[in-house]
Amino acid sequence: MEGGKSITLQQFISITAPLIDLEKEAEISASITTGSSRNLDTAQKKGSTILNLKCVDAQTGLMGKTLLEFQSTKADVLPPHKFSSHDVVVLKPNKADLGSPALGQGVVYRLKDSSITVAFDDVPEDGLNSPLRLEKLANEVTYRRMKDALIQLSKGVQKGPASDLIPVLFGERTPTVSKKDVTFTPFNKNLDHSQKDAISKALSSKNVFLLHGPPGTGKTTTVVEIILQEVKRGSKILACAASNIAVDNIVERLARHRVKLVRLGHPARLLPQVLDSALDAQVLRGDNSALANDIRKEMKALNGKLLRTKDKNTRREIQKELRTLSKEERKRQQLAVTDVIKNADVVLTTLTGASSRKLDNTSFDLVIIDEAAQALEIACWMALLKGSRCILAGDHLQLPPTIQSAEAERKGLGRTLFERLADIYGNEVVSMLTVQYRMHERIMDWSSKELYNSKIKAHSSVAGHMLLDLEDVKRTSSTEPTLLLIDTAGYAVYCCHILKVLFLFFRNTVDHSWRMFGTI
Ligand SMILES: Nc1ncnc2c1ncn2[C@@H]1O[C@H](COP(=O)(O)OP(=O)(O)OP(=O)(O)O)[C@@H](O)[C@H]1O
């Protein structure tokens, strides 16, 4: 970031605020129905609106959400568009003006060539039998929350859970570690030496620790062990990552242990296998939620009575009772959420989710951020402001976060907190994992030499493993070599196209068994 590595808190705030605006503008102009796309056809060509839809299926699922499936009225496949799973969208009558009110707002749950399924909180009351359109909304909430985090950060030096952490993360106070040696009995009996060493250092750290995990070295495995050890010590932990998939990855691995955890986030954005840990699922199982349900039933009956009653005084009485019940129902619902969060030892959410109002009055002993080297620093602060200690896991030598605005990127929005802290404190707070469990050593050698001072070793289980060792793989000229280098000079556009197709395919599929692919 402009201002060098030892940036002050005040410099960070004044530099970051306008960069957030630049990034927000870039995202909006790249995808959304505003400004330049004043008519519907332009909006559809831009991919931010899908016109001429019909509702072909309605189902209840995902903890009471309504899943509506839409198909085109004009063709067997949807027109080209820029919608992806997890996008926030609004449903409108097909021909309604661009600024007209929506029938409903929801989250894209499933995308196929022929249909799009959206999860709505409430079923739109009417209009579903006429032609419809979907509009993609800009992700303005994230930017608003980033701005809020900046405001809080400027106040937070004096008070708040992170008041002692902030000076350390801006180089004004040196990090401290426990004077006693920390020993622990691992839950995972397979941990290697570098993982155990990193965990000891993480447990000893009093303010900040950076877990540097090159590809396949078990960064998430180590994060999970740290969480388990911290829970054993009695800590309340907020575990986050920039992406939903990275958060779910931790939830999946933690759920195998007896840990009281809750996953915050819209159910349409979570992997099916973690839905049981979702806040909404746990709230539905709670006593307060059952009471809120009873109150809703009572309100429904009263509303029916209100419709039938002509007498003014009786109507007034019913309306008064309805107001009291509605207040009580809201209170019960909030209590149900608070109960679940209070009882959890580990709360897991995306960085944006960490600044949700549901966590307003909750503070944590430890904030852990996975994939921290792929997250904007200001996004990390949304979580960090909630705790007095932090552990960041990532690899600043791999790709930085994606920035849409070239100007914001040039001015340093993409410089991560992980990298900044590694620069300020170096080995004082960093521990690198050095055994990798993913690839043949010849594939690993290049990156190990170029990026990691040849410190990475391949574990014996993978050092010599080849495609040919897999069941059903035949010996051919392309399966025999370990590493095949193809000169793509002059084929950049072609390669980008293949990557784009692969990316869209993997991003839109709900069969998440196919959710990872790699390129070098
Ligand atoms: N000590 C270990 N012994 C055996 N296998 C391990 C060990 N640590 C990690 N693994 C395995 O290595 C693989 C990579 O682990 P993990 O996903 O934790 O790594 P990562 O560094 O987070 O990966 P990525 O490169 O995707 O960031 C997993 O299959 C995991 O089970």
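Whatever order the structure lists ligands and atoms in, that order sets their numbers, starting from 1. Keep in mind it's a predicted model, so treat the numbers as computed, not measured.
The distance from ligand 1 to the heavy atoms of N190 drops below 4.0 Å at these ligand atoms: 1 (N), 2 (C), 3 (N). Near K219, the atoms of ligand 1 lying under 4.0 angstrom from a non-hydrogen atom of the residue are 18 (O), 19 (O), 20 (P), 21 (O), 22 (O), 27 (O). Atoms of ligand 1 lying under 4.0 Å from any heavy atom of D192, numbered from 1 in the order shown and given with element: 1 (N).
Using a 4.0 Å heavy-atom cutoff, P215 is listed among the residues neighbouring ligand 1.
Salt bridge R415/D423: present, at least one basic N to carboxylate O contact under 4.0 Å.
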query = Can S388 and L165 be said to form a side-chain contact (heavy atoms from CB on, under 4.5 Å), step by step?
reply = CA-CA 6 Å; S388 48; L165 180 63; 5.8 Å; no
request  = Would you check, one step at a time, whether the test ring-ring contact (aromatic ring centres under 6.0 Å, His included) holds for W446 with Y452?
outcome  = CA-CA 10 Å; W446 178 84; Y452 308 106; 9.6 Å; no
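Contacts between R253 and ligand 1, counted as non-hydrogen atom pairs separated by less than 4.0 Å, involve the side chain only. Of all the heavy atoms of E371, none lies under 4.0 Å from any atom of ligand 1, so neither backbone nor side chain is involved. Residue T221 touches ligand 1 through backbone and side chain together, judged by heavy-atom distances below 4.0 Å. Using a 4.0 Å cut-off between heavy atoms, H459 makes no contact with ligand 1 at all.
At under 3.5 Å, a nitrogen or oxygen of G216, whether backbone or side chain, sits near a nitrogen or oxygen of ligand 1.
For the residue pair D395 and Q398, a side-chain donor N or O sits within less than 3.5 Å of a side-chain acceptor on the partner.
Within 6.0 Å of the NZ atom in K236, the count of heavy atoms belonging to other residues, nucleotides or ligands exceeds 12.
Between atom CG of residue L271 and atom OG of residue S277 there is a gap of 11.0 Å, rounded to the nearest 0.5 Å.
No close placement of the H86 and H266 rings is indicated, their centers lying 6.0 Å or farther apart.
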